[in-house]
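Heads up: the structure comes next, in structure tokens.
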Amino acid sequence: MTVDMVIGASVLAATLRLAAPILLAALGGVISERAGVVNIALEGSMLVGAFVGIVAAEQTDSIVIGVAAAIIAGTLLAGIHAIAAIHWRSDQIVSGMALNILALGLTSYLNFQLYGTTGTPADVPDLPTVADQSILVWVSLALVPLTHLFLFGTVSGLRLRAVGEHPRAAETVGIGVRRVRYAAVLASGALAGLGGAYLSLSVAHSFTDGMTAGRGFIGLAAVIFGKWSPIGALVAALLFGYGNALSTSLQGATIGDTRVPVQLLGTLPYLLTILAVAGFVGRSRPPAADGVPYEKEGH
Amino acid sequence: MTALLEMQGIRKRFGELVALDGVDLSVEERDVHALLGENGAGKSTLMNVLYGLYAPDGGRILLRGEDARIGGPRDAIARGIGMIHQHFMLIPPLTVTENVVLGDERTGALLDRRVIRERVRELQSRFGIEVDPDARVEDLPLGLQQRVEILKVLYRGSDLLVFDEPTAVLTPQEVDELFAIVRTLREQGKTVILITHKLREVFAVTDRITVLRLGRNAGSLVTSATTAGEIARLMVGRELRELRPRATAGSRDVVLEVTGLGALSDRGTPALLDVGLTVHAGEVLGIAGIGGNGQSELAECIMGLRRPTAGDMRIGGADVSRDGPRRTRAGGVCYVPEDRRREGLVLAFTVADNLILGKQAGPPYATFGVLDPQVIEREGALLAREFDVRPPNPLAIAGNLSGGNQQKVVLGRELSSSPRLIVVSQPSRGLDIAATEYVHDRLLEQRARGAAILLISSELDEIRALSDRIAVMYEGRIVATLPAAEATEERLGLLMAGHESAGAA
Amino acid sequence: MSGGAPTATGPGPGGPAPSVRQPAMQWATGPAVPVISVIVALLLGAVFVAATGNDPIAAYAALARGAFGTPYDITETLVSAIPLVLTGLSVAVAFRTGLFNIGAEGQLLVGALAAGAVGARFAELPGPLLMPLVILAGILAGAGYGAIAGVLKAARGVNEVITTIMLNYIVVFVMHWLLQSGPMTAPSALGTPASARIGDGAILPVILPNELVPLSRLHAGILLAALAVAVFWFLLWRTSLGYELRAVGLGARAAAQAGIDPARRMALVMAIAGAFAGLAGMIQVSGVFQRVFDGFSSGYGFDAIAVALLGKNSPLGIVAAALLFGAFAHGGAIMQSNAGISSHLVSIIQALVLFVIAAEAIVRGIAGRSRRGRKPVEAIA
Amino acid sequence: MKRLLALPILAALIVSACGGTGSGGAQATGGAGTAPAAKAVRIGLVTDVGGLNDKSFNTLANLGRQDAEKDLKVETKVTESKQQADYVPNLTSYAQQGYDLVISVGFLMTNSTWKVAKQFPNVKFAIVDGAPADDAGKTENLPNVANLFFAQQEAGYLVGVIAAEMAKAKVGKATNNTVCSMGGIPIPPVDTFIAGYQHALQTISPTTKILNGYSNDFVDQQKGKEVGLRHIDQGCDILFQVAGGSGLGYIQAAKEKGKYAIGVDADQADVAPGVVITSALKRVNKAVYDSIKAVKENTFKSGDTFFNAANEGIGLGKLDPVVPASAKAAADKALADIKSGAIKPKTDIAVK
């Protein structure tokens, strides 16, 4: 095991690459949950974003349209969750899970219909890179202070937090609780969709069934780990990305004369997360009305 | 002159329950108007209709003679109606300033904290309302939180301010300060509706009175031309009882002895400092004080729910400082907690299930850990009847009961085991007069039986009505302990506000 | 006291106060909503199927025939439902205590690994000795794994959602190692990563004679599952511990002041939840595979969340929901082979069922009932 | 564009229009609509949990099924297995309905096929990548089961020859004399490819540095790509993947960093033209097609059938123009040597 394997420049670069999609999902989760809606359909939003992004980019030959379409697709799926969670007061977890299954089924089905057995064509346009990282990595990082500023420095952010903490109080000062929640859930879907675009358009340059592979859920864990704050989410996503980077860079490493089994290296990001949460993060308090459907009284 | 506000024939029903059955209300401009009635009379419902939180099923609202449709709080605010809610409508983690401006920030998209802080400061100085604009609301005592509510309403330029039971959580001094604010408001041209069921307050500050009973008008009065007796008859439909004279305390055996007790609050700040007290068998020790001065922590320490950082506690001579709630209760201590809906009851459980909370592990309800549902239901039915829970159905869901009946369930559970020490916190909060009387009777019955009672209440009337001795808490300390006879309202009020010298007088 | 005071309930939000997840009978007393939900979802699914150019009637006929058409198919539906019942109980018991156990998947895998290891290591032991040992291994391993999340929650306040998600992944990789190139890897011609075969005494026998239902795989695990359902019900509604768990779930502060330590109960319930899931893993190994295959679980523990919520965390509801999912699992394959419906469409229909059931409000409208109480989403945080 | 046909379907779904008119939806199972001719030969194909769209042996097997249906006028159906517990019932279902041949795709089904084939001695079975294995895991040849084996190491060897020649001669961008591979997980069907690959490298170009890694995954592209970037960081300029969807990420890493990649199973030249220099073909479609044909023509043979270089069961994919003629010649020679038995590619991996 060498130092380069643990903190080398390539490991750090890999950390950023691996953290970005989780960060985007987590920022979405922060916004949604700060407004009081648990959106576990982030995974689904990512997946439809990844798929639609590829389809749109390939059909129009425009990377901009591809990314935009991914964002819209993620937003639309979140919109269904919003209607269910806010309008129908569905159980937010069941609704989110249903949408995740739906997203997987739908994208896999359409992927098969569109690209059959050949797979995504190779001529999908490229996303620009800056300093050897996809532009979307930098976008995701830039979104951290922006989300922070939005939540804590703007009128809309103030209202959004109010709605997530005490929707009835917000209602009494004339804030449309449902409207704010809709906006927040849609925004979370947009961010997750962008995360999907990053995966398909930047990382993979193609779509494969179920390619988000649970990143939406890891993003949700990052929300809690980061105590519902954008900066906390960044820390969590980076830690997780680092763990993942290690599980690649440490392949072939030995302890004494024994090779570390490659499969066990796969546990690193998850172990690191548990250790960090148990060791440093501990108790975390969600927004008071998180996950609780809001119903106007007397109507 | 037309009235500022006319509500005519307002109807509102919730499923089976008719909450308002054609209620009228007429409020003159620049008046302080009392809206009186027992709990469940429909006062809050009427005001929620006015504020647009409930859509009425019938009737109409006129503002300055014109038909006003109020579809929601936004409409109400736009028409100059402001509401100071009984359960504060504040967002705990936000600052005072943020709470005041929320929903009407007037700063553009970015929140300009400097500008809004200035605006709140101006408002404060104009109406003489003191509170740190940068404090987080969750760190403020209730009295100050109420001021934030008033600032919120004033900030929105309301002309008609509705106060929903504003004094429930205040000390006498705070009540006086509040009324001073109300008078200032009137002088500044505002109109005030004061919802209350406390007659003293009606005479202290109001001009006119509307009394509701069971969702209907029971009478309209001019304050200066009526008497407490008349109002009370209209409210309750009968005469009020006088406070009972107390028998002198019986035995002098010390049941609870607390010395040098210290504890931290949930936030890790000191909540109790060197607290010492004793309660004897057959005695009620009242703990007076403004909420948030360590009373809750004191009760929790005694019950073993909070670990003391210093001092010790003995019950019947045995050291209980390190005991958890299970051991403490096993030693014959029972507890009527402050927040009955969250601490006293599992609202989603049936009455019968609530009646065995804490006793679920042993006979007669369980043998070797297996519950006996028949015994639970039978005992539940007995207790429900004995403690006058209505409906007396042991399978009713506790959350569906009224506040008074919920409290009866708690009392039924706690008092039925003949405890030697009873810790009671805010036992009549939110209850109507009849239910309050019931609770007081039951506590005095226990005292007569020889139980030691530690009564924590921010209602001075209650403290003075029940206690043999009264200790006053202020900022985590007991600043004085007085015999009930010497505890005048003024003296207690001063002590509660931190004027320790009053104790020595 | 002098009577006459009004005892009318306060003017709350009206109607029945917050809907309560009531004991076993809730599903039985209100099956209209879930049943209508399933119907609405199937209609929506039909639109989907038609939109893709297939015949919805043929599709559903194939689904029904696949799931229930022959005694054999019914037994296969049951075989698919068994692990879902048990993992559903796992999720539900945690929900009842106010915790969100996303970790049933991991607990199931650990249980399977333990059962597989014990069943193979002591393969020579006779059944009466080996079977209890294997059952115990599955239950204890699952319980232990669940307890990690519970203890971290109790001792350090760590949100169980994070830990259970992470623990799920960890066991997957450990399983890869154990079965691909680790100590449990079978030196066999199976071609696939797997452990050695468990002893005959560790195999749950098929319970229906071959003459009755030829080829049936319906194994004695269904009895264990039925027993587990009964245990779940008895534990929650007939024991002091169950009472305490429900009290913690519905009112942690009230429970605490009554001397029930919520932290300890939460730690304990995660172990109980893990035990149910671990038993599910053991049953799959002993009843279906006779060894542990790498990646044998297709996400039973995740489907279980839907099963538990669909079944309102009640015993009968969970059984019904698991059967529904089992029918989809087995019938879906027939739907694909016989009606030519893409397997992805099967998942889409399954998603629609879930979604419509979650959106109870609309369905309640159809069922002609008023709905007021808000449904608490428990313990996401 | 044919695939655009599906877009109106998507739109129709979104607006929930009833009675959609989409017509392009039924490719999943070609035979669903055709009326069975009298005594038509019926074939059922059961995939493993990878599903039809795994772009690997399930996809290829399905391709073989579709070709057979077209050419041989047989009736075929397919079932995707959603979980491992479904193998037995999915196979049983076809057997119960009296299908003539039931094909299990993938080594995951060796034991399930054994179980079902024992129950239905009159139904023929074929298993891709394996032989029936009894409950103890011991192979047991059954009279009604054809075992379709592939010599993956031979395919690996052939692409290894190309890589070795290019590394040795520093052709194009392959300047570092370092060659890599990545598997999904370390199991025999994966590792045999890599073993042959490494065998060729060590034989032809002993100085070439060899690296190998695993993505621990068959789906996650990012994980595969990270291994690829790591390998490139360590000097690799030819990257061979045996990792399904995850492997596409490995190829993408090569594409992004201007390196060469080698595909697997199917011909992956189209995935990244100019990057994928060739592919290690494993013609599962041929195996499936051949066994269907055998049933149709009553020449079904149980027991082991090896698909290898000799019978074109494995082979070398399309060569990119960058591959020099000398490398092609070397590969051709290696192919001949393998056929003749002069070269026996190793099945044990040398550099882990």
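Both backbone and side-chain heavy atoms feed into the values below; hydrogens, waters and symmetry mates do not. In what follows, every chain begins at residue 1, and chains take the letters A, B, ... in the order their sequences are listed.
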- Task: Might you work through the side chain to side chain contact (heavy atoms under 4.5 Å, CB included) test for A:His205 and D:Gln221, ending with a clear yes or no?
- Result: CA-CA 10 Å; A:His205 250 62; D:Gln221 291 209 47; over 6 Å; no

Between D:Gln222 and A:Pro21, is any pair of side-chain heavy atoms under 4.5 Å apart?
yes

D:Asp220 meets the side-chain hydrogen bond (donor to acceptor under 3.5 Å, both in side chains) criterion, sequence neighbours left out, with A:Arg215

Looking only at heavy atoms, the pair that brings A:Val262 and D:Asn216 closest together is O-ND2, 2.9 Å

Here the pair of heavy atoms bringing A:Ser108 nearest to D:Asn53 is O-ND2, 4.5 Å

Sequence neighbours excluded, the answer for ring-ring contact (aromatic ring centres under 6.0 Å, His included) partners of D:Phe240 is D:Tyr197

Scanning both residues in full, the closest heavy-atom pair of A:Gly210 with D:Val219 reads O-CG1, 3.5 Å

Honestly, the part of A:Asp126 sitting under 4.5 Å from a heavy atom of chain D is neither

What one should report as the nearest heavy-atom pair of A:Val203 and D:Lys225 is O-NZ, 2.8 Å

Correct closest heavy-atom pair for D:Gly213 and A:Gln251 would be CA-OE1, 3.2 Å

Under a 4.5 Å heavy-atom criterion, the part of residues 249-258 of chain D in contact with chain A comprises D:Gln252, D:Lys255, D:Glu256, D:Lys257

Heavy atoms of A:Thr208 and D:Gly245 approach each other most closely as CG2-CA, 4.5 Å

Could you go step by step and tell me if A:Leu18 and D:Lys223 meet the side chain to side chain contact (heavy atoms under 4.5 Å, CB included) rule? CA-CA 9 Å; A:Leu18 289 156; D:Lys223 285 189 183 169; 5.6 Å; no

Residue pairs passing the salt bridge (charged side-chain N to carboxylate O under 4.0 Å, His left out) test with at least one member in residues 103-113 of chain A, sequence neighbours excluded, are none

